[in-house]
Number of protein chains: 2
Amino acid sequence: MHDIHSPKQEHCSRLCAPLCFRGTLVRMSSTAHGARARARVEVTAAIKEEARRQLAEDGAAKLSLRAVARELGMASSALYRYFPNRDDLLTALIIDAYDSVGEAAEAARDAAGGTGPVPRWTAVCEGVRRWALGHPHEYALIYGTPVPGYSAPRTTVPPAARGAMVLIGILRDAHRGPGLAGPALPAELRPEAVRMAADLAPDLPPEVVVAMVAVWAQLFGLIGFELFGQFNRVVEDRDTFFRHAVGHLAHTVGLR
Amino acid sequence: MHDIHSPKQEHCSRLCAPLCFRGTLVRMSSTAHGARARARVEVTAAIKEEARRQLAEDGAAKLSLRAVARELGMASSALYRYFPNRDDLLTALIIDAYDSVGEAAEAARDAAGGTGPVPRWTAVCEGVRRWALGHPHEYALIYGTPVPGYSAPRTTVPPAARGAMVLIGILRDAHRGPGLAGPALPAELRPEAVRMAADLAPDLPPEVVVAMVAVWAQLFGLIGFELFGQFNRVVEDRDTFFRHAVGHLAHTVGLR
DNA sequence: CACAAAAGAGAGCAGCGTTCTCGCCCGGTG
DNA sequence: CACCGGGCGAGAACGCTGCTCTCTTTTGTG
């Protein structure tokens, strides 16, 4: 009976470390009254952090709520106070992953600095690829087989667009500057193109927007094939191959 | 005690139906001596058939050996006489899925008949897309997140290439006929391109082969984004969008 | 200080993949 | 024809999973 608290001690040692780490940062932003709410966001963050660690290690399929709780020193049932089920925890990780890849794209754009639109385009694409190679399981989580049911909740839409917005920004600069040679647009696709442009980038020509969306999907075809082993024994020099391919994608979307 | 055989009866009723169905076909081809070996391939086929059914219904993540065995009326442990573990069963389904999509590509090509290379190209791409939309879980199994570990066994390579070979055949026809306007090939990519051409299509120009591989990956970027919900609230008229995109891919690879 | 809400603990349920051991029964051999 | 070995199925068991329910502890607030 006397050692029944030993897991609880582990709870405190393991859990409080990451919590206190972020505590000072959260103290200001958490306007919700009381330390209660603060503790809640901190425990939530700790759960996500540990889950992300396990995701990066073994992939989404192996991610186990029990293992996360065990590592945090809490009962598995307690975890359900924060995430109603496994899929909701995964959804939180999905949003984080979208933000992570979006950040990588923005960082690559900023690192490319004042070069021309095509080198910046290439740099961003390579940044996304490098992020994917470095975070394969996170990549699989968001661009691989969808895990929960079939439709992602609406919350995931804005973070998902973040990366594409970086490329659209480059197109916008090019459109204001040296100009953009938009590909031809068949009449049957025009209404759809106009609608997409209104939603995504009203200041760009519709034919460029429609090409951009297609190219965005194609970019992840290239990355996914490399990451998921489809290029094994087919493509060897993948850096060069990828750079060549995304250069062609830039051309497709109208950059010269 | 006396009703202990009732599962066994179900075993016979459910199991023998598909077995006897294929029995006459297998009788000739199965040269392995004895009915013993014949029964083995038949039970193996029945397991795969039921597994494929469950895969199509609920996806690979939900596929359960116990459920397959239950549906077949046999003990779950007995299933391990045929597949040493779950991953090996999935691998068998993967190979079947590759063959299935390859067949769909070939059928689309044959249905396009004597039209020009570009319409035939488009028809094959649309055939692959239609197969994917009709078999989303099979698609996810082979082009989504890889399930077992990270490297597919060598056995999956030839079936995986079957679909690409259809498109390569179209390129080959165009190369012998109206000609193929291969895109430029930077010097740094030339050695890789020559190697790839030697492996895949020695009779095609290296720059066409390297573009073909890239385009093949990009095709599945388009299909995957549509299937996995990335186009939700972005692309509405997907038929038209896809046709336009693959038309551009044909241009990329040199078809005019 | 008292009370209600929040949160953690623990047991329990059903399901899973996998392993082991046991009997049965069929097919090739003497 | 008798026999026997080996393939095969059944069933129990282990450890794991997601998830629920109940009970107790903690904690912020009127």
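Excluded from the calculations below are hydrogen atoms, water molecules and symmetry mates; all remaining heavy atoms, backbone and side chain alike, are included. To find a chain, count down the sequence lines: A is the first, B the second, and so on, and within it residues start at 1.
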What's the CG-P distance between A/L79 and C/dG10, to the nearest Å? 15 Å
Starting at atom CG of B/D87, determine the distance to atom P of C/dC16, rounded to an integer number of angstrom. 17 Å
In whole angstrom, give the distance that lies between atom CZ of B/R70 and atom P of C/dG17. 9 Å
Which angle, rounded to 10°, do you find between the first-five-pair axis and the last-five-pair axis of the helix from C/dC1-D/dG30 to C/dG30-D/dC1? 10°
Output yes when B/E192 and B/R195 qualify as a salt bridge under the 4.0 Å nitrogen-oxygen rule, no when they do not. yes
Between A/G224 and A/Y139, what is the shortest heavy-atom contact and its length? N-OH, 3.4 Å
Tell me which nucleotide among C/dT19, D/dT17, C/dC16 gets nearest to the side chain of A/R66. D/dT17
Here the distance between atom C1' of C/dT18 and atom CZ of B/F83, to the nearest Å, is 16 Å
Across all chains, not counting sequence neighbours, the side-chain contact (heavy atoms from CB on, under 4.5 Å) partners of A/A104 are A/W131
Do any N or O atoms of the protein come closer than 3.5 Å to N or O atoms of nucleotides 5-8 of chain D, and which pairs are they?
residue : atom : partner : partner atom : Å
D/dC8   : OP1  : B/R40   : NE           : 3.4
D/dC8   : OP2  : B/R40   : NE           : 3.3

Could you state the CD-P distance from A/E42 to D/dT27, rounded to the nearest angstrom? 14 Å
Nearest to the side chain of B/L65 - C/dT18, D/dA10, C/dC16? C/dT18
Rounding to an integer number of Å, can you tell me how far A/L72 CG sits from C/dA7 C1'? 15 Å
B/R53: partners by salt bridge (Lys or Arg N to Asp or Glu O under 4.0 Å), with sequence neighbours left out: B/E50, B/E57
Give a yes or no answer on whether the side chain of B/T145 reaches the backbone of A/T145 with a donor-acceptor pair at less than 3.5 Å. yes
Which word best sums up how the rings of A/Y143 and B/F225 line up, parallel for under 30°, tilted for 30 to 60°, or perpendicular for over 60°? parallel
Answer yes or no: side-chain N or O of A/S77 and base N or O of C/dG10 forming a donor-acceptor pair under 3.5 Å. yes
Could you work out, with side-chain contact (heavy atoms from CB on, under 4.5 Å) as the rule, every residue matching B/A67, not counting sequence neighbours? B/Q54, B/S64, B/R70
Heavy-atom closest pair, residues B/D88 and B/P84: OD2-CG, 2.9 Å
Tell me: CZ of B/R38 to P of C/dG27, nearest whole Å? 10 Å
Just N and O in the side chain of B/S76: are any of them under 4.0 Å from OP1 or OP2 of C/dG17? no
Please classify the nucleic acid contact of A/L89 as base, sugar-phosphate, or nothing, using heavy-atom distances under 4.0 Å. nothing
Please list all pairs passing the salt bridge (Lys or Arg N to Asp or Glu O under 4.0 Å) test where one or both residues lie in residues 215-229 of chain A, with sequence neighbours left out. A/R129-A/E226
Protein-nucleotide distance (B/N85, atom CG; C/dG17, atom C1'), rounded to Å: 9 Å
